[in-house]
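Remarks on the structure that follows.
Chain identifiers are assigned alphabetically (A, B, ...) following the order of the sequence lines, protein sequences preceding nucleic acid strands; residue numbering begins at 1 within each chain.
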Amino acid sequence: MTDGGHRYVAPGSVAEALRVQEKLRPLADLAGPGPTAPATVAGLDVAYAESGDRLAAAVTVLDARTLAVVDSAVSVGRPAFGYVPGLFAFRELPGLLDALDRLTVRPDLLVCDGHGLAHPRRFGLACHLGVVTGLPAIGVGKTPLVGEWDEPGPRRGAWTPLRDGGDVVGRVLRTRDGVKPVFVSVGHRMSLGNAVDRVLALTPRYRLPETTRAADRLCRDALASAST
DNA sequence: GCGACAG
DNA sequence: ATCTTGTCGC
């Protein structure tokens, strides 16, 4: 339940996808500050069939305080675009928007599995999803796409700036003691500091946000069920 | 020209 | 992303 049918149309070429990013980029609000005490937070993730011709996109909405799942939706379909680093959003956006439309509650924040500002043209999946839905959004990547950084301290909460081309595009954040850090960046209507705080609030036990973990489980299960 | 390259 | 064995640790 974001705003009704998005009727998303995938670009037919790399050139067209680049033009779409160029057009949407200025619409992103990279300042925020965004909600510091959201009631609900959504996690989004996609699972692919080994054949690569089918995918399941899932959105799970968690109570931000208890981290209990209060709503969820899945969409099974075909990848909408080839896998091109930097144009990743075009591949997963249709399925994710479809799943978002099936929710019965409108989440206060979207936590995306991928980057936001930390993107070669400063418009990753989290920015794209935020702009299209109008919802505050942040990106939490497991591996880097762009930028340089120093290793953050070993304890949970330690972070270092992620820099690219003279810009601070995100933060490398340690969410658990002694565990590999994650890459946090702003997507839409959120400040970087608030994004980091929200991620820490979502990682009381594991490296990845509970939102992402819940969505990951859901889309994997949906993919398995759909093939049986 | 040669690598790197979110999921 | 997905394919994969064993292995270390709580």
Side-chain angles (χ1 to χ4, degrees), chain A residues 10-11 14 17-18 20-21 24-25 28 43-60 74-99 110-132 137-149 156 162-165 167 169-173 175-188 192 195 199 204-209 211-224 226-227:
Chain A
V14 165
L18 291 171
V20 172
Q21 285 189 333
L24 297 180
R25 182 173 51 193
L44 302 88
D45 192 24
V46 173
Y48 294 86
E50 40 196 288
S51 49
D53 59 358
R54 216 159 42 80
L55 62 72
V59 180
T60 52
V74 195
S75 175
V76 177
R78 313 260 306 175
F81 204 80
Y83 173 61
V84 182
L87 296 179
F88 179 59
F90 297 98
R91 186 171 173 76
E92 303 193 339
L93 212 55
L96 290 172
L97 291 177
D98 187 38
L110 302 181
V111 177
C112 309
D113 188 32
H115 300 100
L117 231 207
H119 175 278
R121 290 171 298 282
R122 307 293 182 264
F123 199 72
L125 174 65
C127 298
H128 206 140
L129 267 168
V131 166
V132 172
I138 63 176
V140 180
K142 297 182 287 293
T143 61
L145 173 59
V146 297
E148 311 92 46
W149 67 94
R156 162 177 159 84
L162 174 62
R163 296 194 175 80
D164 183 54
D167 305 319
V169 298
R171 285 183 189 173
V172 182
L173 174 69
T175 55
R176 302 302 306 164
D177 289 357
V179 169
K180 188 191 345 175
V182 298
F183 298 77
V184 179
S185 60
V186 166
H188 183 53
L192 184 53
V199 171
R205 179 162 182 186
Y206 298 100
R207 176 192 179 222
L208 297 179
T211 38
T212 300
R213 288 167 46 77
D216 179 72
R217 276 195 47 179
L218 181 56
C219 59
R220 286 200 206 196
D221 290 347
L223 198 58
S227 61

(message) Tell me the interatomic distance from A/Arg205, atom CZ, to C/dC10, atom P, rounded to whole angstroms.
(response)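 Distance check: A/Arg205 CZ to C/dC10 P gives 13 Å.
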
(message) Tell me the interatomic distance from A/Glu92, atom CD, to C/dA1, atom C1', rounded to whole angstroms.
(response)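 Distance, rounded to whole Å: 8 Å.
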
Residue list, side-chain hydrogen bond (donor to acceptor under 3.5 Å, both in side chains) with [X], at least two apart or on another chain:
X	value
A/Asp45	none
A/Arg121	A/Gln21
A/Arg220	A/Asp216

(message) Below 4.0 Å from chain A heavy atoms, what is the first contacting nucleotide of DNA chain B and what is the last?
(response)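 Answer, 5' to 3': B/dC5 to B/dG7.
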
With sugar-phosphate meaning primed atoms plus P, OP1 and OP2, does [X] contact a base, only sugar-phosphate, or nothing at under 4.0 Å between heavy atoms?
X	answer
A/Leu87	base
A/Gly86	base
A/Pro120	nothing

(request) Provide the full list of salt bridge (Lys or Arg N to Asp or Glu O under 4.0 Å) pairs with a residue in residues 84-94 of chain A, sequence neighbours left out, each pair given once. (result)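 Those involving residues 84-94 of chain A do not exist here.
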
(message) The criterion is salt bridge (charged side-chain N to carboxylate O under 4.0 Å, His left out); which residues satisfy it with A/Arg54, sequence neighbours excluded?
(response)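 None.
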
Taking only nitrogen or oxygen atoms into account, show me every contact under 3.5 Å that the protein makes with nucleotides 2-7 of chain C, one pair per line with its distance.
none

(message) Please list all pairs meeting side-chain hydrogen bond (donor to acceptor under 3.5 Å, both in side chains) that have one or both residues in residues 75-88 of chain A, counting only residues at least two apart or in different chains.
(response)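 Listed by first then second residue: A/Ser75-A/Asp98.
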
(request) Taking Watson-Crick and G-U wobble pairs with both distances under 3.5 Å, convert DNA chain C into its dot-bracket string, 5' to 3', dots for unpaired and | for cross-strand pairs. (result) ..........

(request) Could you check whether the rings of A/His128 and A/Phe90 sit parallel, tilted or perpendicular, using 30° and 60° as the cut-offs? (result)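 Rings of A/His128 and A/Phe90: perpendicular, as their planes differ by over 60°.
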
Which pairs would a plain distance check flag for residues 177-184 of chain A, meaning a side-chain donor or acceptor within less than 3.5 Å of a matching protein atom at least two apart in sequence or in another chain?
residue	atom	partner	partner atom	Å
A/Asp177	OD1	A/Arg156	N	2.7
A/Asp177	OD2	A/Arg155	NH2	3.0

(request) Tell me, please, whether A/Tyr206 has A/Arg176 positioned over its six-membered ring: NZ or CZ under 6.0 Å from the ring centre and within 45 degrees of its axis? (result)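 No; the conditions do not both hold, so A/Arg176 does not lie above the ring face of A/Tyr206.
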
(request) Check ring pair (Phe, Tyr, Trp, His ring centres under 6.0 Å) between A/His119 and all other residues, then give those that pass, not counting sequence neighbours. (result)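 Partners of A/His119 by the ring pair (Phe, Tyr, Trp, His ring centres under 6.0 Å) criterion come out as none, since no residue qualifies.
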
(message) Just to be sure I follow the notation: if a pair is Watson-Crick (purine N1 to pyrimidine N3 plus N6-O4 or O6-N4) or a G-U wobble (N1-O2 and O6-N3), each under 3.5 Å, what dot-bracket string does DNA chain B give, with | for pairs to another strand?
(response) .......

